[in-house]
Structures are given as structure tokens and as C-alpha cells.
Amino acid sequence: MNLLIDIGNTRIKFGYALATGERCVQHTLAVIPQDLDQFVPWLQHHGLQPKRALLISVAKADVEQQVLQVLQGIGCDIIWLDATQPCDRLRNGYDQPSQLGADRWLSLIGVLVHHHALARPIVHASFGTATTVDTIRAATSTESALFQGGLILPGPQLMYEALATKTAKLGQGSGGLLDFPTHTRAAISTGIAAAQAGAVLRQWQLALDLGLGVPLLVCSGGGWALIQTEMEQAYQQRQRQLQLAPEALRYQPTPVLDGLAYMTTQC
């Protein structure tokens, strides 16, 4: 049995996978570092006895150390993964794979494995502390899928915080999304959502322009609720403009854990 751990900037997510690599979706826990003491009771409540743990981290060293101390207490083997870890389904097109965030790489694996049957390009937008927008070229008869590259920009909440701390009079808070905002809260919320959606649609359009098929758009991340309405409406509008058959974007809650589950068959 395999414990799956995604140590993020804001939360630590735990999952569980069988020896076959199948993820037990019902066994999922997300906590902030201050609530890490919930982890062992969670294992005990579900009767989980992991033999090893697969981890990725983008957090600070002190948070990683907290997690390691807890794992030492339950006596399972520890395997760290990063973006240099090869995957049989996905090639890493980054100039220096060691500089690619482990969360991006494992997310891409998780998204690809989840949607591989569609055999088409994928654009994955993850709205976390940072927003990343990454493109996957579909596999061919002779080559596995390829991570083409992607963007990094401040996430929705980070944009709010930047305006609150770096401007004198805008302050904190959010408002509704409007076409032509006439008050500050709505102007900020609409501007942030529009910026996020614009970055995603830029990459989706570029992926479409490669001429390898209409890309599937997959979204994830804790900041999704802040931009969901704008993203869905902008995506529908773009499809109408291009006279494409309407297709809803997909939301995948925990792509890193999905990627870690698959990698249990590779390590």
C-alpha cells in the first residue's frame, strides 16, 4: 500500500493508492501545516497501513521536516519524487527538468493518465498560490506524450494580496464579476479573473494553432472558485468565436495525487 503526499505552499494533501497504482479517492486528507496532528488519527480511522510514502514538495524545509517526523513515527519507507523522475507516458520538454516544479510534473502525469483515452492535446491550468498553465502534446504511434512547456503567474489570491499590500487605498476584499465594473471591489475581482482567464486562453489558443487537434482544457487548484465563472464564460465565448463544437472544461480536484498514484507503478 502506498501513501501519497503533496506538500504545497498552503496545504499538505494526503492520498492513498493500492499496489496496482489505483488511487483510493475516498481516502484523501488536506490540512494546513499547523493541523498536521490530524494525519495519524486519519490513518487509524480508515485502517490504513502504508508500506511506503511517495512525496513531492514545493514548501519550505521546516514544513517538509514536520512531515518527515510524522512519517518516521509510522515506519514507512520514503521516496521523494521531482521533475527528473521519468514516466513511461510523458516526456519532459523542459530545458532543465530539474528546474521544473515537482508539483507541475506530477500534476501533468495525473492529468494525462486521467484523460489519456481522448488522444488529444491537453492544457492544464492550476490555480494555486501561483497559477501554472501547461500544455501536453498527445502521444503518437511512435512517441509518448510530451510536456510542451507553460506559464507561471501569480495565483488569484496572491493577486488580491498584492493589491491589498502594495496600494494605499484599494484595501482588501472581493466583489462580483461584472462586464463594466463601477465600484472598486468588483473592478479588482473582475480584473483578476480576466487576467487569469486570459493567460489560460492564450495557451489554449497556441496549443490549438499547433494543428494537432482541439486541446482539452483541464483546471485544478484551490483558487478555482475565485475565477470559475469568468473562466467558463470566456472559454465558451472563445469556442463560439472559432465556431467549434461547444465543450465544457474539465475540473480535476487533485491531479498531483493522481500523478503520484500512477508513479507508484514506476518506482
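Note: hydrogens, waters and symmetry copies are ignored here, and every other heavy atom, side chains too, is used. Starting from 1, each residue takes its place in the sequence as its number.
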**OP:** Report the C-alpha distance between Met263 and Leu106 in whole Å, list the side-chain angles of each, state the deciding distance to 0.1 Å, and finish with yes or no for side chain to side chain contact (heavy atoms under 4.5 Å, CB included).
**Re:** CA-CA 9 Å; Met263 292 306 290; Leu106 270 297; 3.7 Å; yes

**OP:** Could you check if a side-chain atom of Ile136 sits within less than 4.5 angstrom of a side-chain atom of Gln148, using non-hydrogen atoms only?
**Re:** no

Original post:
For the atom pair SG (Cys267) and CG (Leu54), what is the distance rounded to the nearest 0.5 Å?
Top reply: 5.0 Å

**OP:** May I ask you to check whether His124 and Ser107 show a side-chain donor-acceptor distance below 3.5 Å?
**Re:** no

Subject >> Cluster check Leu3, Leu257: I/L/V/M/F/W/Y, side chain < 4.5 angstrom >> reply: no

Subject >> Gln205 CD to Leu210 CG distance, which is reported to the nearest 0.5 Å >> reply: 10.5 Å

Original post:
According to the side-chain hydrogen bond (donor to acceptor under 3.5 Å, both in side chains) rule, which pairs have a member within residues 65-81, sequence neighbours left out?
Top reply: none

Original post:
Taking all atoms of both residues into account, what is the closest heavy-atom pair of Pro156 and Ile227, and its distance?
Top reply: CG-CG2, 4.2 Å

**OP:** If you link ILVMFWY side chains whenever their heavy atoms are less than 4.5 Å apart, which other residues fall into the same cluster as Leu178? By chain and number, please.
**Re:** none

Original post:
Hey, mind stepping through Glu230 and Gln196 against side chain to side chain contact (heavy atoms under 4.5 Å, CB included) and telling me if it holds?
Top reply: CA-CA 9 Å; Glu230 176 71 18; Gln196 298 283 318; over 6 Å; no

**OP:** Check which hydrophobic residues are tied to Val25 through side-chain heavy-atom contacts below 4.5 Å, counting indirect links as well, and list them.
**Re:** none

Subject >> Distance-only donor-acceptor check, side chains Gln233 and Gln237, under 3.5 Å >> reply: no

Original post:
Do side-chain atoms of Arg120 reach the backbone of Val214 as a donor and acceptor pair under 3.5 angstrom?
Top reply: yes

Original post:
Which value, rounded to the nearest 0.5 Å, describes the distance between Gln49 atom CD and Gln44 atom CD?
Top reply: 10.0 Å

Original post:
How far apart are the closest heavy atoms of Ala83 and Leu100, and which atoms are they?
Top reply: CB-O, 3.4 Å

Original post:
What's the verdict on side chain to side chain donor-acceptor pair (under 3.5 Å) for Arg23 and Thr254, showing C-alpha distance, side-chain angles and the deciding distance?
Top reply: CA-CA 11 Å; Arg23 186 173 159 224; Thr254 52; 2.7 Å; yes

Subject >> Transitive ILVMFWY side-chain link Ile79 to Leu71, under 4.5 Å >> reply: no

Original post:
Does a side chain donor of either Ser126 or Arg104 reach within less than 3.5 Å of an acceptor in the other side chain?
Top reply: no

**OP:** Would you indicate whether His45, at its atom NE2, is surrounded by more than 12 heavy atoms from other residues, nucleotides or ligands within a distance under 6.0 Å?
**Re:** no

Original post:
Would the number of heavy atoms belonging to other residues, nucleotides or ligands and lying under 6.0 Å from CZ of Arg89 be above 12?
Top reply: yes

Original post:
Do the non-hydrogen side-chain atoms of Val256 and Lys13 ever get within less than 4.5 Å of each other?
Top reply: no

Original post:
Does the side chain of Ser57 pick up a donor-acceptor pair with the side chain of Glu64 at under 3.5 Å?
Top reply: yes

Subject >> Closest non-hydrogen atom pair, Ala59 against Gly8 >> reply: CB-O, 3.4 Å

Original post:
What are the two closest non-hydrogen atoms of Leu81 and Ala102, and how far apart are they?
Top reply: O-CB, 3.9 Å

Original post:
Just by distance, do the side chain of Asp103 and the backbone of Val58 share a donor-acceptor pair under 3.5 Å?
Top reply: no

**OP:** Show your working on side chain to side chain contact (heavy atoms under 4.5 Å, CB included) between Phe39 and Val31 and close with a plain yes or no.
**Re:** CA-CA 8 Å; Phe39 168 65; Val31 297; over 6 Å; no

Original post:
How are the rings of Trp42 and His27 set to each other: parallel, tilted or perpendicular (split at 30° and 60°)?
Top reply: perpendicular

Original post:
How many angstroms lie between atom CD1 of Ile122 and atom NE2 of His116, to the nearest 0.5 angstrom?
Top reply: 10.0 Å

Original post:
What are the two closest heavy atoms between Ala145 and Ala139, and how far apart are they?
Top reply: N-CB, 3.6 Å

Original post:
Do Asp6 and Leu4 come close enough that some side-chain heavy atom pair is under 4.5 Å?
Top reply: no

Original post:
Is the shortest heavy-atom distance from the side chain of Ile78 to the side chain of Leu68 under 4.5 Å?
Top reply: yes

Original post:
Same hydrophobic cluster for Ile152 and Leu206, using side-chain heavy-atom links shorter than 4.5 Å among ILVMFWY?
Top reply: no

Subject >> ring-ring contact (aromatic ring centres under 6.0 Å, His included) partners of Trp105, counting only residues at least two apart >> reply: none

**OP:** State whether a side-chain donor-acceptor pair under 3.5 Å links Thr135 with Gln203.
**Re:** no

Original post:
Is any side-chain heavy atom of Leu108 closer than 4.5 Å to a side-chain heavy atom of Leu90?
Top reply: yes

Original post:
Side chains of Leu36 and Ile12: does their closest heavy-atom pair fall under 4.5 Å?
Top reply: yes

Original post:
According to a 4.5 Å side-chain heavy-atom criterion applied to Ile, Leu, Val, Met, Phe, Trp and Tyr, with indirect links allowed, do Leu43 and Leu55 form part of one hydrophobic cluster?
Top reply: yes

Original post:
Do Met1 and Leu48 come close enough that some side-chain heavy atom pair is under 4.5 Å?
Top reply: no

Subject >> Pairwise side-chain contact, Val111 with Ile109, heavy-atom cut-off 4.5 Å (strictly under) >> reply: no

Original post:
Nearest heavy-atom pair of Ala17 and Ala261: which atoms, and what distance?
Top reply: CB-CB, 4.0 Å

**OP:** Under the side chain to side chain contact (heavy atoms under 4.5 Å, CB included) rule, what do Val200 and Leu217 come out as? Steps first, then yes or no, please.
**Re:** CA-CA 9 Å; Val200 174; Leu217 178 56; 3.7 Å; yes

Subject >> ring-ring contact (aromatic ring centres under 6.0 Å, His included) contacts touching residues 212-231 (sequence neighbours left out) >> reply: Phe127-Trp224, Trp224-Tyr251

Original post:
Once you round to the nearest 0.5 Å, how far does OG1 of Thr229 lie from CG of Leu177?
Top reply: 6.0 Å

Original post:
So, Arg240 and Glu247, do they make that salt bridge, N to O below 4.0 Å?
Top reply: no

Subject >> Between Thr84 and Ser98, a side-chain donor and acceptor under 3.5 Å >> reply: no

Original post:
With the 4.5 Å side-chain cut-off for hydrophobic clustering, are Ile56 and Phe14 part of the same group?
Top reply: no

**OP:** Check the side chains of Tyr16 and Thr28 for a donor-acceptor pair under 3.5 angstrom, ignoring hydrogens and angles.
**Re:** no

Original post:
Counting only heavy atoms not in Asp88, do more than 12 sit closer than 6.0 Å to its CG atom?
Top reply: yes

Original post:
If you measure from CG on Leu158 to OG1 on Thr10, what distance do you get to the nearest 0.5 Å?
Top reply: 9.5 Å

Original post:
What residues, two or more places apart in sequence or in another chain, satisfy side chain to side chain contact (heavy atoms under 4.5 Å, CB included) together with Glu143?
Top reply: Arg91, Thr140

Original post:
Quick one: does Thr265's side chain have a donor or acceptor within less than 3.5 Å of a partner on Tyr262's backbone?
Top reply: yes

